[in-house]
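Structure record follows, encoded as structure tokens.
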There are 2 protein chains.
Amino acid sequence: MPKLWNETIEAHRRAVRDTVLDTTATLVAEHGLRGVTMSKIAEESGIGRATLYKYFSDVESILAAWHENQIHAHLQQLGELRDGAGSAEERLEAVLTAYAHIQRQRHGHGAELGALLHQGEHVARAQQHLTGFVRDLLSEGARSGDIRDDVPAGELANYCLHALAAAGGLKSKAAVQRLVDVTLAGLRPVR
Amino acid sequence: MPKLWNETIEAHRRAVRDTVLDTTATLVAEHGLRGVTMSKIAEESGIGRATLYKYFSDVESILAAWHENQIHAHLQQLGELRDGAGSAEERLEAVLTAYAHIQRQRHGHGAELGALLHQGEHVARAQQHLTGFVRDLLSEGARSGDIRDDVPAGELANYCLHALAAAGGLKSKAAVQRLVDVTLAGLRPVR
């Protein structure tokens with residue numbers, strides 16, 4: 001079945017956009033924020049400079065779009081782990097482990113890029129969304145007796161996400177796993 | 001015994017400086033960073049504008065000096081708790097509780113001021129110093145069997161300080177105490 005012309009155009013635009021986003025992220029990772037220009041991005045993406053400007057007005061807005069995609073993908077990944085099989089405690093561990101690895105990865109982008117990207121309102125919204133769903137998992141775990149119920153689930157969620165931000169400075173995957181274990185130990189019912 | 005002239009001058013200068021720092025901190029807390037001028041600071045400190053400029057060149061440098069004083073005072077307070085009486089675990093709890101309350105207080109300064117002040121190199125140095133001495137307390141606790149020894153003390157210190165940063169968003173002292181309890185629970189030996 002042949003695609004409609006509009007769909008073809010739309011698919012093409014999305015493909016160009018994705019290429020630009022990925023190319024820019026790679027260039028910034030390699031050369032730093034100041035080492036990347038619109039000309040360089042156009043060249044590496046295999047499109048003309050004029051075309052690039054039809055999509056984005058500057059490097060910052062490309063990075064903001066890339067970052068929003070990243071956050072969306074991370075939330076989707078964490079949401080799938082939350083909705084997976086297993087007890088509330090198992091799903092909580094899966095979500096927190098994935099979140100810790102994301103924190104470690106994120107740190108790799110460097111402080112300059114991190115500061116630029118983390119000002120956006122979409123970051124605050126994503127953080128709120130994430131806190132909410134970790135809180136729900138914790139409430140579920142408290143009802144089944146796997147998670148302590150002497151501290152409000154919202155406070156425990158806040159504790160988790162702050163503690164796991166420590167993954168940003170960790171060198172190895174084993175250290176990230178230890179951090180998740182220690183964080184989870186804080187959540188267990190007090191005997 | 002009469003003071004030497006130089007000592008009198010020095011004491012006077014220190015007193016003026018301290019007054020300016022405290023006045024500025026109060027003004028910024030009340031009116032925000034943009035609502036405070038050198039003229040206003042001079043007026044509220046009870047000195048002339050020309051005199052104020054002999055001490056500081058702008059509002060930002062006054063705030064930086066005030067913040068350095070604050071950090072110094074906090075580190076001294078935490079150091080005294082570390083060197084106090086009691087087991088390693090008790091002293092660790094005292095240090096972490098005080099640190100959590102400092103984090104909560106700090107948050108009260110507002111995001112704008114926080115971002116301005118926390119860029120300084122002295123903040124990174126203070127953080128390093130603090131991590132080091134929490135790590136030493138944790139090592140001591142691990143030797144006496146009160147703290148888990150299956151995770152390196154440096155990683156546990158990193159976990160503690162990140163987890164307690166969650167105190168920044170807490171409304172009550174009781175919630176801060178619950179956060180400290182949860183954080184400490186993560187540090188106990190695994191049975």
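Every chain is numbered from 1 and lettered A, B, ... according to where its sequence line falls, protein lines coming before strand lines. These numbers come from the heavy atoms of this one structure, side chains and all, not from hydrogens, waters or symmetry mates.
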Pairs of donor and acceptor atoms involving the side chains of residues 20-28 of chain A, under 3.5 Å and at least two apart or interchain, shall be tabulated with distances.
from, atom 1, to, atom 2, distance (Å)
A/T23, OG1, A/T19, O, 2.6
A/T23, OG1, A/S45, OG, 3.4
A/T24, OG1, A/V20, O, 2.7
A/T26, OG1, A/D22, O, 2.8

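- Checked against side-chain hydrogen bond (donor to acceptor under 3.5 Å, both in side chains), A/R49 has the following partners two or more places apart in sequence or in another chain: A/S39.
- Only the side chain of A/R148 comes within contact range of chain B, with at least one heavy atom under 4.5 Å from a heavy atom of that chain.
- Nearest heavy atom pair, residue A/D150 against residue B/R178, reads O-CD, 4.1 Å.
- For B/H72, the NE2 atom counts as loosely surrounded, since its 6.0 Å shell holds 12 or fewer non-hydrogen atoms of other residues, nucleotides or ligands.
- Within a 6.0 Å sphere centred on CD of A/Q128, heavy atoms belonging to other residues, nucleotides or ligands number 12 at most.
- Judged as a side-chain hydrogen bond (donor to acceptor under 3.5 Å, both in side chains), and not counting sequence neighbours, A/D83 has no contacts.
- Among the residues in residues 153-164 of chain B, those with a non-hydrogen atom closer than 4.5 angstrom to a non-hydrogen atom of chain A are B/E155, B/L156, B/N158, B/Y159, B/H162, B/A163.
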